[in-house]
Amino acid sequence: MAFAFKTPAPDPMVGLYESDYSRWLFDNARLLREGRFAEADIANIVEELEDMGRSEYRAIESYMGILLMHLLKWEFQPQQRSNSWRGSIFNSRRAIIKRLKESPSLRVRLAEALTEAYPDARFNASNETGLPERIFPPECSFSVDETLDPDFWPGVA
């Protein structure tokens with residue numbers, strides 16, 4: 001007796017994920033809201049949720065890099081201080097604080113974000129000021145608390 005193996009039909013949600021991401025999002029949201037879990041594209045939903053978590057950290061790290069670069073410029077080029085630098089420092093701090101309010105669990109990764117962002121901030125500060133990179137400390141001299149403190153302005157007594 002011969003056995004016939006039936007090839008499963010391709011999952012339309014997987015194809016939709018690749019061809020129309022926006023529709024895939026809304027269709028899966030509807031399926032989950034309706035409790036139709038077996039029809040939802042669970043594997044890709046899990047992947048997207050993990051990517052969203054990583055994205056939140058990357059946003060904090062990006063804002064930290066901008067913040068550190070302007071703090072370095074503020075400290076090492078006091079004669080060039082501008083409202084633009086002040087605004088960038090203010091906006092970066094607010095953006096980080098806002099994300100921490102939305103995702104407080106990321107607070108434990110702030111030191112990591114500072115450490116990861118600092119080399120690029122150092123390079124960019126050197127590049128934008130024209131000062132040699134060696135002028136800037138090889139390791140970040142600001143603590144996380146100082147970096148986020150609205151009253152902290154390096155080089156200001």
Side-chain angles (χ1 to χ4, degrees), residues 13-33 37 40-157:
M13 281 307 217
V14 172
L16 194 56
Y17 177 76
E18 295 167 1
S19 65
D20 190 342
Y21 181 71
S22 182
R23 182 170 167 207
W24 175 86
L25 287 170
F26 287 105
D27 285 359
N28 273 285
R30 179 181 45 78
L31 291 171
L32 294 174
R33 196 173 291 110
F37 306 117
D41 184 4
I42 300 299
N44 282 319
I45 292 170
V46 168
E47 186 175 316
E48 287 300 314
L49 290 172
E50 290 170 343
D51 284 348
M52 289 170 63
R54 285 188 291 272
S55 178
E56 286 301 304
Y57 171 77
R58 284 191 305 270
I60 286 178
E61 185 181 341
S62 176
Y63 283 114
M64 186 68 78
I66 294 166
L67 174 55
L68 290 170
M69 176 187 67
H70 282 95
L71 288 173
L72 287 169
K73 288 166 54 173
W74 189 269
E75 180 176 16
F76 287 90
Q77 217 173 33
Q79 70 282 8
Q80 299 294 324
R81 290 177 183 159
S82 67
N83 287 334
S84 174
W85 291 1
R86 181 185 303 277
S88 180
I89 291 167
F90 175 83
N91 291 332
S92 296
R93 283 175 171 156
R94 287 209 34 169
I96 292 168
I97 297 302
K98 181 179 179 181
R99 275 157 184 76
L100 291 174
K101 284 181 182 176
E102 293 169 355
S103 301
S105 65
L106 288 173
R107 187 169 295 280
V108 299
R109 296 190 66 192
L110 284 175
E112 176 187 353
L114 185 139
T115 300
E116 290 291 322
Y118 185 75
D120 290 346
R122 181 176 182 241
F123 172 83
N124 289 325
S126 171
N127 189 49
E128 289 193 14
T129 62
L131 297 171
E133 195 171 339
R134 70 182 183 298
I135 297 292
F136 302 100
E139 306 279 324
C140 187
S141 60
F142 316 129
S143 71
V144 169
D145 289 338
E146 286 173 328
T147 303
L148 297 179
D149 182 348
D151 295 322
F152 175 70
W153 297 90
V156 176

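Under a cut-off of 6.0 angstrom, the local environment of OH in Tyr63 is sparse, with at most 12 non-hydrogen atoms contributed by other residues, nucleotides or ligands.
With rounding to the nearest 0.5 angstrom, the CG atom of Leu148 is 7.5 Å from the CZ atom of Arg107. Rounding to the nearest 0.5 angstrom, the gap separating the CG atom in Leu110 from the OH atom in Tyr57 is 9.0 Å. Atom OG1 of Thr115 is separated from atom CD of Glu61 by 10.0 Å, given to the nearest 0.5 angstrom. Between the CD atom in Gln77 and the NE2 atom in His70 there is a gap of 11.0 Å [rounded to 0.5 Å]. Put simply, CH2 on Trp153 and CZ on Arg86 are 5.0 Å apart, with the number rounded to the nearest 0.5 Å. Remark: Glu133 CD to Phe123 CZ distance equals 7.0 Å, nearest 0.5 Å.
Within the structure, the side chain to side chain donor-acceptor pair (under 3.5 Å) test picks out no pair touching residues 91-105 (sequence neighbours left out).
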Side chains of residues 47-54: which donor-acceptor partners sit under 3.5 Å, not counting sequence neighbours?
unit_1 : atom_1 : unit_2 : atom_2 : d
Glu48  : OE1    : Tyr21  : OH     : 2.6
Glu48  : OE2    : Tyr17  : OH     : 2.5
Asp51  : OD1    : Arg54  : NH2    : 2.3

### Query
Checking side-chain contact (heavy atoms from CB on, under 4.5 Å) for the pair Leu32/Phe37: CA distance, chi angles, key distance, verdict?
CA-CA 6 Å; Leu32 294 174; Phe37 306 117; 3.5 Å; yes

#### Entry: Residue pair Leu100, Ile60: steps toward the side-chain contact (heavy atoms from CB on, under 4.5 Å) verdict
CA-CA 8 Å; Leu100 291 174; Ile60 286 178; 3.8 Å; yes

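Aromatic ring pairs are classed by plane angle as parallel below 30°, tilted from 30° to 60° and perpendicular above 60°; the pair Phe152 and Phe142 is perpendicular.
For Pro154 against Leu71, the heavy-atom pair with the smallest separation is CG-O, 3.5 Å. The two atoms that bring Pro137 and Phe76 nearest to each other are CD-CZ, 3.7 Å, heavy atoms only. Summarising the geometry of Ala125 relative to Met69, their closest heavy-atom pair is N-CG, 3.7 Å, with the distance given to 0.1 Å. When all heavy atoms of Leu114 and Met64 are compared, the closest pair comes out as CA-CG, 3.8 Å. Across all their heavy atoms, Ser126 and Leu131 have their closest contact at OG-O, 2.6 Å. The heavy-atom pair separating Arg81 from Gly155 by the smallest distance is NH2-O, 3.7 Å.
Listed for the Asn124 side chain is a donor-acceptor partner under 3.5 Å among the backbone atoms of Asp120. Asn28 places a side-chain N or O within 3.5 Å of a backbone atom of Trp24 that can act as its donor or acceptor partner.
Counting only heavy atoms from C-beta outward, the side chains of Tyr118 and Thr147 never approach each other to under 4.5 Å.
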